[in-house]
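Supplied in structure tokens, the structure appears directly below.
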Amino acid sequence: LYSSSTTENFIASSSDNNIFIWKYSLSQTANCVYDNEITQETLNCRFNYSSSESNIDLNGKNIESIKRDAFFKFKNLNRLDLGSNNIKSLDKDTFSNQYSLIYLQLSDNKLDSIDSSLFSLNENLKELSLSFNNLKHIPTDLFQYTKQLSILNLEGNSIEDIDVNIFRSVCLKSLNLQKNPVSIYLDQQFNGSCIEVVELMRENVELNQSLLEQTGYVDKENTRYMSLNNKNISSIKLNVFDGFRNLLNFDLSQNKFDSI
């Protein structure tokens with residue numbers, strides 16, 4: 001007689017009408033499935049994390065997906081690092097049982113969208129990085145319940161605009177929006193908001209018609225003074241100043257021109 005379970009095997013034999021049963025355990029790794037999805041089983045089996053863990057580091061493990069209930073048993077989790085993987089999407093309940101989560105690293109993945117309720121039960125979250133993903137839009141209610149959030153990194157995404165009301169429930173010490181195609185004057189929208197530092201510097205900015213409009217230079221006929229100093233501009237589109245016939249003073253200092 002032979003039977004097996006996930007982690008144990010049983011052998012039974014008979015001798016003199018008596019049945020003797022021996023029970024022995026196989027190593028957990030013998031039953032591990034080495035794929036690119038994170039589940040409760042792989043956390044315990046492949047990475048040897050127990051449900052009492054407070055710190056889980058899965059940085060650079062080539063993870064592509066996370067099962068909805070993968071972290072459900074990890075109620076004491078304070079820090080979770082999922083950076084430098086290939087995660088494309090997250091179920092809205094992925095972190096629903098992590099009430100103690102303080103630090104969450106999701107940078108350098110392939111996320112292109114986030115459900116507005118993803119962090120709705122992470123009220124103690126203080127530091128969040130979503131940098132270097134493919135995000136184009138941040139849901140207005142994403143941080144509605146993360147009132148302890150103080151550091152938010154959104155660097156290196158594809159965010160063109162962001163609603164200031166997103167941060168109405170939090171007082172950020174640092175908001176990093178560098179290397180996004182946001183307006184270089186977006187920081188003016190944050191005046192009066194509860195954000196201490198807003199980082200917006202863009203690299204290799206092209207001075208074009210759209211940029212001039214963003215900076216308020218739309219009245220070509222009556223514009224006399226134009227200041228575009230220290231805007232990280234590296235190139236100027238041909239004919240961008242056509243129509244500014246009455247321009248008297250023009251400041252392009254402290255930019256990043258190699259040549260004009």
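This chain uses plain numbering: 1 for the first residue, then up along the sequence.
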Within 6.0 Å of OH in Y145, more than 12 heavy atoms from elsewhere: no
Near-ring test F74/Y49, centroid separation under 6.0 angstrom: no
Backbone of K136 reached by a side-chain donor or acceptor of D112 within 3.5 Å: no
Atom of E123, atom of Q148 and distance for their closest heavy-atom approach: O-CG, 3.2 Å
Aromatic plane relationship, F95 with F119 - under 30° parallel, 30 to 60° tilted, over 60° perpendicular: parallel
Donor-acceptor pair, side chain of N180 and main chain of I159, under 3.5 angstrom: yes
Sidechain-backbone polar pair: N157 side chain, N133 backbone, donor-acceptor under 3.5 Å: yes
Closest heavy-atom pair and its distance - P139, I114: CG-O, 3.2 Å
Exercise: do Q144 and S169 side chains pair donor with acceptor under 3.5 Å: no
Side-chain donor or acceptor of D251 paired with backbone N/O of S253 under 3.5 Å: yes
Any donor-acceptor pair under 3.5 Å from S150 side chain to K126 backbone: yes
Audit row: L172, L149, side-chain contact (heavy atoms from CB on, under 4.5 Å) steps and yes/no: CA-CA 6 Å; L172 296 177; L149 189 66; 3.9 Å; yes
F72, CZ: over 12 other non-hydrogen atoms inside 6.0 angstrom: no
Side-chain donor/acceptor of Q40 to backbone N/O of K73, under 3.5 Å: no
Minimum heavy-atom distance between S117 and S120, given as atom pair plus value: O-OG, 2.9 Å
Exercise: do N62 and N86 side chains pair donor with acceptor under 3.5 Å: yes
Main-chain N/O of L58 paired to N85 side chain as donor or acceptor, under 3.5 Å: yes
Ionic contact status for R168 with D141, cut-off 4.0 Å: yes
Chi angles and distances behind the side-chain contact (heavy atoms from CB on, under 4.5 Å) call for I66, L82: CA-CA 10 Å; I66 300 175; L82 292 166; 3.7 Å; yes
Heavy-atom donor-acceptor pair, N78 side chain to N55 backbone, under 3.5 Å: no
Residue pair L252, I236: steps toward the side-chain contact (heavy atoms from CB on, under 4.5 Å) verdict: CA-CA 11 Å; L252 271 173; I236 299 176; 3.9 Å; yes
